[in-house]
Amino acid sequence: MEFIDDTSLISTETEDGIVLLDQRKGVYWHLNGTAAEILRSLRRDGDRETAVAEIRDRYGIDESRARNDVEDLIRSLESVGVLRR
């Protein structure tokens with residue numbers, strides 16, 4: 001899993017998540033708090049299993065829900081070209 005060139009992808013923390021800007025396309029997205037946690041984990045470790053475990057533990061949710069949340073965000077980021085497998 002690989003993010004687009006980090007110099008093109010800017011993120012800014014907000015009160016309730018992260019705003020992610022793709023400078024190449026001039027497009028931005030607002031990620032809620034859970035998605036922001038997942039994004040930080042993926043950018044730091046690049047490992048979906050770590051992201052699943054962190055979300056599961058932080059929010060006290062079951063493994064399958066955490067996995068679905070992580071996979072949903074990965075698919076969304078791939079669909080807009082921010083992340084590549």
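The chain is numbered in sequence order, starting from 1.
Residue-environment remark: CZ (R65) stays at or below the threshold of 12 foreign heavy atoms within 6.0 Å. Heavy-atom neighbours of Y59 OH from other residues, nucleotides or ligands within 6.0 Å: above the threshold of 12.
Inspection of the S8 and Q23 side chains reveals no N or O donor paired with an N or O acceptor under 3.5 Å.
L73 is listed as a side-chain neighbour of L31, based on a closest heavy-atom distance under 4.5 Å. With contacts defined as side-chain heavy-atom distances shorter than 4.5 Å, the pair I10/D22 does not qualify. Within the 4.5 Å cutoff, side-chain heavy atoms of V82 are placed close to those of W29. Taking 4.5 Å as the limit, some side-chain heavy atom of L9 sits within range of a side-chain heavy atom of R43. Residues L42 and D47 are not in side-chain contact: their nearest non-hydrogen atoms beyond the backbone lie 4.5 Å or more apart. The side-chain heavy atoms of L77 and L20, taken from C-beta on, include a pair separated by under 4.5 Å.
Residue E63 holds its CD atom at 12.0 Å from CD1 of I55, rounded to the nearest 0.5 Å.
Scanning both residues, S41 and A51, for their nearest heavy atoms gives OG-CA, 3.3 Å. The two residues V52 and A66 have their closest heavy-atom pair at O-CB, 3.6 Å.
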Please determine whether side-chain contact (heavy atoms from CB on, under 4.5 Å) holds for the pair D69 and I38, giving the CA-CA distance in whole Å, both sets of side-chain angles, and the decisive distance to 0.1 Å.
CA-CA 8 Å; D69 289 349; I38 295 168; 4.1 Å; yes
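The side chain to side chain donor-acceptor pair (under 3.5 Å) check on D45 picks up nothing, with sequence neighbours excluded. Among residues two or more places apart in sequence or in another chain, the side chain to side chain contact (heavy atoms under 4.5 Å, CB included) test is passed with D16 by T14, H30. With sequence neighbours excluded, no residue forms a side chain to side chain donor-acceptor pair (under 3.5 Å) with S76. With sequence neighbours excluded, the residues forming a salt bridge (charged side-chain N to carboxylate O under 4.0 Å, His left out) with E49 are R67, listed by chain and number. Residues satisfying the side chain to side chain donor-acceptor pair (under 3.5 Å) criterion with R40, sequence neighbours excluded, are E13, E37. S64 meets the side chain to side chain donor-acceptor pair (under 3.5 Å) test with D62; sequence neighbours excluded.
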